[in-house]
Amino acid sequence: MSDSPLPLASALHTPVLSWYADNARTLPWREPDAGAWAVMVSEFMLQQTPVARVLPAYEAWMRRWPKPGDLAAEAPGEAVRAWDRLGYPRRALRLHAAATAIVELHGGEVPRDHAALLALPGVGTYTAAAIASFAYGQRHAVVDTNVRRVFARALAGLAQPSISPTAADQRLAVSALPDDEPTAARWAVATMELGALVCTARTPRCAECPIRSQCAWVLAGSPPYDGPPRKGQTYEGTDRQVRGRLLAVLRAAPGPVAKNALDACWPDQVQRERALDGLVADGLVDPFADNQYQLPQ
DNA sequence: CATCCGTGGGC
DNA sequence: TGCCCAAGGAT
């Protein structure tokens, strides 16, 4: 083990919390009266989709389904349709399934308990902690890609966090958590916001950073990333692109769609069939009558 | 643990 | 112009 101690995380609390008080974005799911369902919907939508693109879909969603029971009462296909072009539409299906579970198991109220949240479809370690912390003010390590990057730089002195989340990331975030519950909850959202606005992946705004004088990475001279190369995800020509095209047609249609309309989406029949079968297997598309398909009812 | 799963905007 | 990235989860 190294003799050099990590920077004391507690020394970061005050500057980060103070920075957040002055710089937090106004977002609808952060309004004091937003409620846990609003937080939950936003967290699902924000899984891999930027805030700017989430906002309009979020507003429409909350107007239409202000409570979990409102969503659960509708067909899952309506959730997929309202998901619009946020991407990864399985999230819409999972959010609908989670709403159904909330009605059936929790009286229609988003549960407060971390384990109960984790048991919901589409809720993993991060989202469970985020809901418990942001909506209910509990003390949890909320470890997303922003937080992992902030800690990688400020505490570990690395330009970028590991490619995939590790147990070490989680332990580090737990150890950095302020002791008392309300402060821990503010710390969680503040560190995420710092990563989103200042300690960004590509061009960090270190001049604006409240902890630049304590940041291990800055103090080390901001050394460049030297880890394994990140695999750039290709998209053109993948099944994902084909699935996206097929689902776009089905979302736009008010009802069932003839198969020949779907055939026009993609020239390669083998890939097209595979993509369609995959959508059906995922529950995103239902076969209907003969040679017709629709969003799940 | 690696891979799959959409979409679009910024640099 | 591409390439990188964006509040992950499930398998």
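Letters A, B, ... mirror the listed sequences (proteins, then strands); counts begin at 1.
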Assign each of A:G195 and A:L118 the nucleotide of DNA chain C bearing its closest heavy atom; nearer the 5' end lies the nucleotide of A:G195
Under 3.5 Å donor-acceptor pair, A:T49 side-chain atoms to B:dG6 base atoms: yes
Using a heavy-atom cut-off of under 4.0 Å over every strand shown, decide if A:T127 touches base, sugar-phosphate, or nothing. sugar-phosphate
May I ask you to say what A:G124 touches in the nucleic acid, namely base, sugar-phosphate or nothing, with a heavy-atom cut-off under 4.0 Å? sugar-phosphate
Measure CD/A:E43 against P/C:dA7 and give the value in whole Å, please. 11 Å
Could you state the atom-to-atom distance from CD of A:Q241 to P of B:dT7 in whole Å? 9 Å
Do NZ/NE/NH1/NH2 and the carboxylate oxygens of A:R272 and A:D263 come within less than 4.0 Å? yes
Please state how far atom CZ in A:R205 lies from atom P in B:dG10, giving the value in whole angstrom units. 12 Å
Students often get this wrong, so: under 4.0 angstrom with heavy atoms, is A:P165 touching a base, only sugar-phosphate, or nothing? nothing
With DNA chain B as reference, determine whether A:L279 or A:R202 sits nearer its 5' end, using the nearest nucleotide of each. A:L279
Give the rounded distance in Å between these two atoms: CE of A:M45 and P of C:dG8. 15 Å
What's the closest nucleotide to the side chain of A:A201 if the choices are B:dG6, C:dC5, C:dA7? C:dC5
Round to a whole Å and report the spacing from CD1 of A:I131 to P of C:dG9. 9 Å
Within the 3.5 Å criterion, strictly below it, is a donor on A:Y126 or A:E43 matched to an acceptor on the partner's side chain? yes
Report which part of the nucleic acid A:W83 touches: base, sugar-phosphate, or nothing (heavy-atom distance under 4.0 Å, all strands). nothing
Can you tell me if the side-chain N/O atoms of A:R53 get under 4.0 Å from OP1 or OP2 in C:dA6? no
Quick one: label A:A130 by what it contacts on the DNA or RNA (base, sugar-phosphate, nothing), any heavy atom closer than 4.0 Å. nothing
Output the rounded distance in Å from CG (A:L120) to P (C:dA10). 10 Å
Test ring pair (Phe, Tyr, Trp, His ring centres under 6.0 Å) on A:W61 and A:W83 and set out the steps. CA-CA 8 Å; A:W61 191 283; A:W83 200 254; 5.7 Å; yes
Sugar-phosphate only, base, or nothing, as touched by A:L27 at under 4.0 Å among non-hydrogen atoms: base
Phosphate-side-chain proximity, A:Q48 and C:dG8, N/O vs OP1/OP2 below 4.0 Å: yes
For B:dG6 and A:R243 - does any side-chain N or O of the residue sit under 4.0 Å from the phosphate oxygens OP1/OP2? yes
Can you work out whether A:T145 or A:P121 has the more 5'-proximal nearest nucleotide on DNA chain C? A:T145
For B:dT7, take OP1 and OP2 only and decide whether either is under 4.0 Å from a side-chain N or O of A:Y235. yes
Separation of C:dA6 atom C1' from A:R148 atom CZ, nearest Å, is 13 Å
Counting only N and O atoms by type, is there a donor-acceptor contact under 3.5 Å from the side chain of A:R91 to the main-chain atoms of A:G122? no
Please report the distance, rounded to the nearest Å, between CD in A:Q47 and P in C:dG9. 5 Å
Within the structure shown, what part of the strands sits under 4.0 Å from A:V123 by heavy-atom distance: base, sugar-phosphate, or nothing? sugar-phosphate
C1'-based separation of C:dG9 from B:dG9 [nearest Å]: 24 Å
Distance check: side-chain N/O of A:T238 vs OP1/OP2 of B:dC4, anything under 4.0 Å? no
Salt bridge A:R243-A:D282, side-chain N to carboxylate O under 4.0 Å: yes
Check: A:E193 side chain, A:R25 main-chain N or O, donor-acceptor pair, under 3.5 Å: yes
Remember a base hit wins even if backbone is also touched, and classify A:R274 as base, sugar-phosphate or nothing at under 4.0 Å, heavy atoms. nothing
Using the C1' atom as the point on both nucleotides, what is the distance between B:dA2 and C:dA7, in whole Å? 22 Å
Would you indicate what A:R85 reaches in the nucleic acid, counting non-hydrogen atoms under 4.0 angstrom: base, sugar-phosphate, or nothing? sugar-phosphate
Where the side chain of A:R25 is defined as all heavy atoms beyond and including C-beta, which of C:dA10, C:dA7, B:dC5 is the nearest nucleotide? C:dA7
Rounded distance [0.5 Å steps], CG in A:D239 versus CG in A:L246: 10.0 Å
Between C:dA7, C:dA10, B:dC5, which nucleotide gets closest to the side-chain atoms of A:D144? C:dA7
What contact category does A:L86 fall into here, base, sugar-phosphate, or nothing, at under 4.0 angstrom with non-hydrogen atoms? base
Quote, to the nearest angstrom, the C1' distance that separates C:dC5 from B:dG6. 13 Å
